[in-house]
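Taking it in order: structure first as C-alpha cells, then the write-up.
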Amino acid sequence: MILRTHYSGQISADMDGKEVMLAGFAHEIRDLGGIAFLVLRDREGMAQITLVKKLLGKDVFKMARSISRESVVMVRGNVKAEAKAPRGYEILPTEIQVLSAAQVPLPLDPTEKVECELDTRLDSRFMDIRRPSVLAAFEIESAVLCSLRDYFHKKGIVEVFTPKIVAAATEGGTDLFPISYFEKEAFLNQSPQLYKQMLMGAGMDRVYEIGPIFRAEEHDTRRHLNEAISIDLEVSFADDKDVMEILEEAVAGAYSYVADNCRRQLGVLNMELEVPRLPFKRITYTRALELAEEKAGARMQWGDDLDTETERFLGESIGEHYFLIDWPSSIKPYYTLPYEDKPEICRGFDLMHPRMELASGAQRVHDYSLLVERIKEKGLDPDGFEFYLRAFRYGMPPHAGWGLGLSRLVMTMLNLENIRDAVIFPRDRRRLVP
RNA sequence: GUCCGGAUGGUGUAGUGGCCCAUCAUGAAGGCCUGUCGAGCCUUCGACCCGGGUUCGAAUCCCGGUCCGGGCGCCA
C-alpha cells in the first residue's frame, strides 16, 4: 500500500498530463476564494496542489481548504505544466485524503518563518525535523557515513561491532555510566579502543567500527554530549603516519562525496562546500605551543593539555584542518607508543578543525612488557586489564588507529552552531527525553 | 562544577516602577477574494516561570527556587 508514486522532487513540468500520487504533510494552504493552493511537503521538497472551486465542487473544496497545517495527506491528481506555478508545474487533484489530521496549535513552526530556540526544537524534535534545513543536515550525515563505509570497504577494512556493555572502567580517565547487569556491576563503554586492538591480535588486520560511545562527564558545552557516535579505525602493520593518511583521505573524501551527492540538501542549507585540500598540515605539539606563545602570549607549560583558548588561537591562525602530532607522552593514554629515541614525546596525534578537535589517534604500544609498564606509569592496575593484555602475549602485530567523532565532523562541515544540531536525539547532562 | 546572561500568548519577541486590563510578527477562529509564491485585507482569540518580600503601585526592584542559554573547567 504505497500511497505515493513520486516524491515531489521527482515531478517536473514535462510530465504534463500524467497521473501521480503524492503523500506528505500539508505545509501551508493559501486560500484565495475561488482558488486555493495546498503546498504538500515531503522529504524531497514541496509540490503545489491547486484547488479550483469550480472543478472540485463546493464540498470537496471546502474540506480541502480546511485541512490543518502539518496534517498528513495523500493527493492523487494530474501534473499540469503551468508557468505561473512554482517549479513550473502544479497538481490538479482528483482525490485528497487526510490520513492523519494535525492538532492546533503546532509546537513550533515547520515553515521556518518564525525562529525557534534549540530547547523548544529538541522537545518537539519530530516536528523540528520536518523543517527542511534540519532534515538536510541529517541526510548529509547519512551521506557522510555512506562515503566513509565505501572508502573503508575499498581499502579492505572490515566492519566490526564490539560490546557497549563492559565489565570495568579499565581505561581510566573519563567517567563511565554504571549500569546494573543481572547480579554484576557493568558500565557503558567509553570507546571501542581496547576491543579493536584485541582484534589486531586476532589477525583481522584492519577493522573499523561505527557505533555509540558513552561518557559520564558533566561537561556543558556546544561540542560535547554524553552519548556520541564514534568512527573508529585500527590497522595492523601500520604506524601513526599511515593511519593519518587514511584519516585525512576519509575526511576529505566525505566532503567531496557530500559536495557531489547532496546538492539539493546543500542548497536547502544555502551553502557551498569547500573540499579540504590534502595533505593536512602536520604541526608538532611543541611548535603549537611556541606559536601560541609568540603570537598570543599564551602561558601554557610544555606538558599541559592544550586549553580551549590555545586551541582556538591555533584554529584561527591555521584556518584549515591540521594534525597536531608528537604529543607529550604524559598526556596521552598508556596505549600510545612513545618515540624510542625520545620517550617524553609519543606517536599520538589529533585531527583538528579550526573550530575543534575532530579525531585522535596514535601508533599503539604492541609490546606486552612496555604496555604493562605504561599502564603502571599511569597509575592503573594491570590486573584489571587482563582480558586485554592476554591478546598481547601470543603475538600482536604493530598497529595504529584513530577515533573520529561523527557529529563533530558533520557539525564542522555544515558550520552548525551546536553539536545538538547534528544529533537527532541528543543526550546531554540534562536531557534524557525524547 | 563555576562565572555571566536570561525566562512575557502555541512559536519568536518589545517592554527597566504608574504611559501596560502588555508591543510586534507568526499562528488560530471567522469573513472577503480565481494565480498565490512567507498572498493581501477586515474582525476576533491567546502570555508576564514559581514562592516570598519592598512599594500607594511590580512584567519591571530585592531574596529564594526551578528551568534555559553562553564562556570557562572537565573531556583516556
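Here is how names work: the chains are called A, B, and so on, in the same order as the sequence lines, proteins then strands, and each is numbered from 1.
A:Asn226 has no side-chain polar atom (N or O) that falls below the 4.0 Å cut-off from OP1 or OP2 of B:C75. Distances shorter than 4.0 Å separate some side-chain N or O of A:Thr120 from OP1 or OP2 on B:G12. For A:Arg430 and B:C67, the shortest distance from a side-chain N or O to OP1 or OP2 is not below 4.0 Å.
Using N1 to N3 plus N6-O4 or O6-N4 for Watson-Crick, or N1-O2 and O6-N3 for G-U wobble, each under 3.5 Å, B:C19 pairs with nothing. Under the Watson-Crick or G-U wobble criterion, with both distances below 3.5 Å, B:A47 has no partner in any strand shown. Summarising the base pairing, B:U2 is matched to B:G71 through a Watson-Crick or G-U wobble pair whose two defining distances lie under 3.5 Å. When both distances must be under 3.5 Å, the Watson-Crick or G-U wobble mate of B:U11 is B:A25.
If you check every strand for non-hydrogen atoms under 4.0 Å, A:Ser68 touches nothing. In this structure, A:Glu357 reaches neither bases nor backbone, as no heavy-atom distance under 4.0 Å exists between it and the strands shown. A:Asp220 comes within 4.0 angstrom of a nucleotide base, judged by non-hydrogen atoms across all strands. Contacts of A:Arg312 with the nucleic acid, taken as non-hydrogen atoms under 4.0 Å apart, involve only primed sugar atoms and P, OP1 or OP2. Residue contacts shown for A:Pro86 include a base, since a base heavy atom lies under 4.0 Å away. Residue A:Lys378 is classed as having no contact, given no heavy-atom separation below 4.0 Å to the nucleic acid.
A residue-by-residue look at A:Leu118 and A:Lys332 shows that A:Leu118 has its nearest nucleotide of RNA chain B further toward the 5' end. Comparing A:Glu115 and A:Thr50 by the nucleotide of RNA chain B whose heavy atom lies nearest to each, the residue mapping closer to the 5' end is A:Glu115.
Each of B:A25, B:C74, B:G27 was ranked by its minimum atom distance to the side chain of A:Lys113; first place goes to B:G27. Listed nucleotides B:A28, B:U11, B:G71 differ in distance to A:Arg222; the shortest reach to its side chain belongs to B:G71. Side-chain proximity of A:Arg215 to B:A76, B:G27, B:U36: nearest is B:A76. Each of B:A25, B:A28, B:G73 was ranked by its minimum atom distance to the side chain of A:Val114; first place goes to B:A25. Comparing B:G12, B:U26, B:A76 against the side chain of A:Ser191 picks out B:A76 as the nearest. Set against B:G73, B:G35, B:C33, the side chain of A:Ala85 has B:G35 as its closest nucleotide. When distances are taken from the side chain of A:Glu28 to each of B:G38, B:U36, B:A76, the shortest belongs to B:G38. When each of B:G35, B:C74, B:G12 is scored by its nearest atom to the side-chain atoms of A:His219, the top-ranked nucleotide is B:C74. The side chain of A:Asp31 sits closest to B:C33 out of B:G73, B:C33, B:G70. Set against B:G70, B:G1, B:G10, the side chain of A:Asn418 has B:G70 as its closest nucleotide.
If you take atom P in B:A22 and the same atom in B:C48, they sit 11 Å apart, rounded to whole Å. Across B:A28 and B:U55, the matching P atoms stand 47 Å from one another, rounded to whole Å. For the P atoms, the distance linking B:G12 with B:G73 amounts to 30 Å, nearest Å. B:C74 and B:U13 are spaced 35 Å apart, taking the C1' atom of each and rounding to whole Å. Only the C1' atoms considered, B:A14 is 22 Å distant from B:G57, to the nearest whole Å. A distance of about 29 Å separates the C1' atoms of B:U66 and B:A25, rounded to the whole Å. Nucleotides B:A59 and B:G1 place their P atoms 33 Å apart, quoted to the nearest Å. Using atom P as the reference point in both B:C3 and B:G65, the two lie 13 Å apart (nearest Å).
One atom, CG of A:Leu106, and another, P of B:G12, lie 13 Å apart when rounded to the nearest Å. Protein atom CG of A:Leu38 is 17 Å distant from nucleotide atom P of B:U36, rounded to whole Å. The interatomic distance linking A:Glu82 (CD) with B:C37 (P) rounds to 15 Å, in whole Å. Nucleotide B:G12 holds its P atom 5 Å from the CD atom of A:Glu117, rounded to whole Å. Rounded to whole angstrom, the span from the CE atom of A:Met356 across to the C1' atom of B:G73 amounts to 17 Å. Protein atom CZ of A:Arg69 is 14 Å distant from nucleotide atom P of B:G38, rounded to whole Å. Between the C1' atom of B:C75 and the CD atom of A:Glu217 lies a distance of 5 Å, rounded to the nearest Å. Between A:Arg429 atom CZ and B:C72 atom P there is a gap of 19 Å when expressed in whole angstrom units.
A donor-acceptor contact under 3.5 Å links the side chain of A:Gln48 to the base of B:U36. For A:Lys54 against B:U34, a side-chain-to-base donor-acceptor contact under 3.5 Å is present. Checked by distance alone, A:Glu112 brings no side-chain donor or acceptor within 3.5 Å of a matching partner on the base of B:G38.
Between the side chains of A:Tyr388 and A:Gln197, at least one donor-acceptor pair of N or O atoms lies under 3.5 Å. Between the side chains of A:Tyr335 and A:Arg364, no donor N or O sits under 3.5 Å from an acceptor N or O. In the model, A:Asp326 has a side-chain atom that pairs as donor or acceptor with a side-chain atom of A:Tyr339 under 3.5 Å. A:Thr310 and A:Asp307 are linked by a side-chain donor-acceptor pair at a separation below 3.5 angstrom, with hydrogens and angles left out of the test. A donor atom on one side chain and an acceptor atom on the other are found under 3.5 Å apart for A:Glu112 and A:Ser133.
Aromatic ring centres of A:Phe349 and A:Phe323: separated by under 6.0 Å. Between A:Trp302 and A:Tyr285, the distance from one ring center to the other falls under 6.0 angstrom.
Residue A:Glu248 comes nearest to A:Arg282 through the heavy atom pair OE1-NH1, 2.8 Å, listed as atom of the first residue, atom of the second, then distance.
Atom CD of A:Glu209 and atom NZ of A:Lys196 lie 9.0 Å apart (nearest 0.5 Å).
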